[in-house]
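Below is one structure; the comments refer to it alone.
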Amino acid sequence: QVQLVESGGGLVQAGGSLRLTCAASGRTDSTYAMGWFRQAPGKEREFVAAITWSDLSTYDADSVKGRFTISRDNAKNTVYLQMNSLRPEATAVYYCAADRAITTMIRRYGADYWGKGTLVTVSS
């Protein structure tokens, strides 16, 4: 199986920036699409962004377009989420995910593998 470990979460003031990192280990020989999800307190999990393996095509939720950027380094089995102009409503546990089909993450909010999450708190 594939293990995913997120890092980079923490406390940041509104308008600030933060970069999340997800490191993959285990069976990483497959070409998985990677993505980020988040779950705010008392709310359902939502899709944030995803990126393909082959051509590095990206897909962003409307709520974060222009402010969040997903990227990956296939050689290092690592995916990043650069978050700029953070708002208090971005406060949530952010989860890294991997799936063979990016459409599963975008349309179904599902994935084959999940990290344990990292907490991002944006103060007002």
Side-chain angles (χ1 to χ4, degrees):
Q1 66 272 23
V2 175
Q3 292 81 45
L4 304 174
V5 180
E6 305 95 335
S7 62
L11 176 65
V12 63
Q13 293 186 3
S17 299
L18 207 62
R19 187 182 73 165
L20 304 183
T21 299
C22 175
S25 61
R27 187 177 175 81
T28 58
D29 57 313
S30 298
T31 55
Y32 291 100
M34 303 290 293
W36 290 94
F37 295 79
R38 67 185 180 187
Q39 187 168 22
K43 297 184 178 180
E44 298 293 324
R45 182 179 63 197
E46 65 174 326
F47 168 77
V48 176
I51 184 169
T52 63
W53 168 273
S54 56
D55 61 357
L56 302 181
S57 297
T58 60
Y59 301 83
D60 306 316
D62 291 339
S63 60
V64 304
K65 285 184 177 179
R67 298 183 298 109
F68 289 13
T69 302
I70 187 171
S71 62
R72 69 188 297 172
D73 186 334
N74 291 345
K76 297 182 178 180
N77 295 317
T78 303
V79 63
Y80 308 92
L81 183 67
Q82 179 66 46
M83 304 183 293
N84 298 325
S85 301
L86 283 165
R87 304 168 180 172
E89 52 264 39
T91 295
V93 176
Y94 284 72
Y95 298 92
C96 179
D99 198 275
R100 297 182 183 274
I102 195 168
T103 54
T104 301
M105 290 186 282
I106 296 173
R107 300 178 181 178
R108 295 186 176 183
Y109 286 10
D112 291 334
Y113 301 99
W114 295 89
K116 294 183 178 180
T118 183
L119 177 62
V120 173
T121 302
V122 183
S123 62
S124 59

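In this chain, residues are counted from 1 in sequence order.
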Next on the checklist: Just to verify, what does Glu89 make a side chain to side chain donor-acceptor pair (under 3.5 Å) with, not counting sequence neighbours?
Outcome noted: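 Applying side chain to side chain donor-acceptor pair (under 3.5 Å) to Glu89 gives none.
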Checklist entry - Can you name the side chain to side chain donor-acceptor pair (under 3.5 Å) partners of Asp55, sequence neighbours left out? => result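 Asp55 satisfies side chain to side chain donor-acceptor pair (under 3.5 Å) with Thr52, Ser57 once adjacent residues are dropped.
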Please report the shortest heavy-atom distance between [X] and [Y], naming the atom on each side.
X	Y	answer
Ala111	Met105	CB-CG, 4.2 Å
Arg72	Ala33	NH1-CA, 3.9 Å
Ala14	Ser124	CB-CA, 4.5 Å
Ala49	Asp60	CB-OD1, 3.5 Å

Item to check | Heavy-atom check, side chain of Gln82 versus side chain of Ser71, under 4.5 Å | outcome: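 Heavy-atom side-chain distance check fails, nothing below 4.5 Å.
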Item to check | Student check: side-chain heavy atoms of Leu4 and Met34 closer than 4.5 Å | outcome: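 A side-chain contact exists here, since the closest heavy-atom pair is under 4.5 Å.
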ILVMFWY network linking [X] to [Y], side-chain heavy atoms under 4.5 angstrom:
X	Y	answer
Leu81	Leu86	yes
Val2	Ile70	yes
Leu119	Val5	no
Val12	Val93	no
Leu56	Val64	yes

Checklist entry - With clusters built from Ile, Leu, Val, Met, Phe, Trp and Tyr whose side-chain heavy atoms come within less than 4.5 Å, directly or transitively, what are the remaining members of the cluster of Leu11, listed by chain and number? => result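 Its cluster partners, ordered by chain and number, are none at all.
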Exam field: side chain [X] to backbone [Y], donor-acceptor pair closer than 3.5 Å:
X	Y	answer
Thr91	Val122	yes
Asn74	Trp53	yes
Glu6	Thr118	no
Thr78	Lys76	yes

Item to check | Chi angles and distances behind the side-chain contact (heavy atoms from CB on, under 4.5 Å) call for Lys116, Cys96 | outcome: CA-CA 8 Å; Lys116 294 183 178 180; Cys96 179; over 6 Å; no
Rounded to the nearest 0.5 Å, how far does [atom2] of [Y] lie from [atom1] of [X]?
X	Y	atom1	atom2	answer
Arg67	Arg87	CZ	CZ	4.0 Å
Lys65	Tyr59	NZ	OH	11.0 Å
Met83	Leu20	CE	CG	3.5 Å
Ile51	Thr58	CD1	OG1	6.5 Å
Ser7	Tyr80	OG	OH	9.0 Å
Lys43	Arg38	NZ	CZ	8.5 Å

Taking ring pair (Phe, Tyr, Trp, His ring centres under 6.0 Å) as the definition, give me every residue that meets it alongside [X], ordered by chain and number, with sequence neighbours left out.
X	result
Tyr94	none
Phe47	Phe37
Tyr113	Tyr32

Next on the checklist: For Leu18 and Val120: C-alpha separation, side-chain torsions, deciding distance, then whether side-chain contact (heavy atoms from CB on, under 4.5 Å) applies.
Outcome noted: CA-CA 9 Å; Leu18 207 62; Val120 173; 4.1 Å; yes
Next on the checklist: Under 6.0 Å from the ring centre and within 45 degrees of the ring axis: does the NZ or CZ of Arg19 meet both conditions for the six-membered ring of Trp36?
Outcome noted: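 Judged by the rule (NZ or CZ under 6.0 Å from the ring centre, within 45° of its axis), Arg19 is not positioned above Trp36.
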Checklist entry - Just wondering, more than 12 heavy atoms not from Arg45 lying within 6.0 Å of its CZ? => result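 Atom CZ in Arg45 is packed in, count exceeds 12.
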Next on the checklist: Atom CD of residue position Gln13 - does it have more than 12 heavy atoms of other residues, nucleotides or ligands inside 6.0 Å?
Outcome noted: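 Atom CD in Gln13 is not packed in, count stays at 12 or less.
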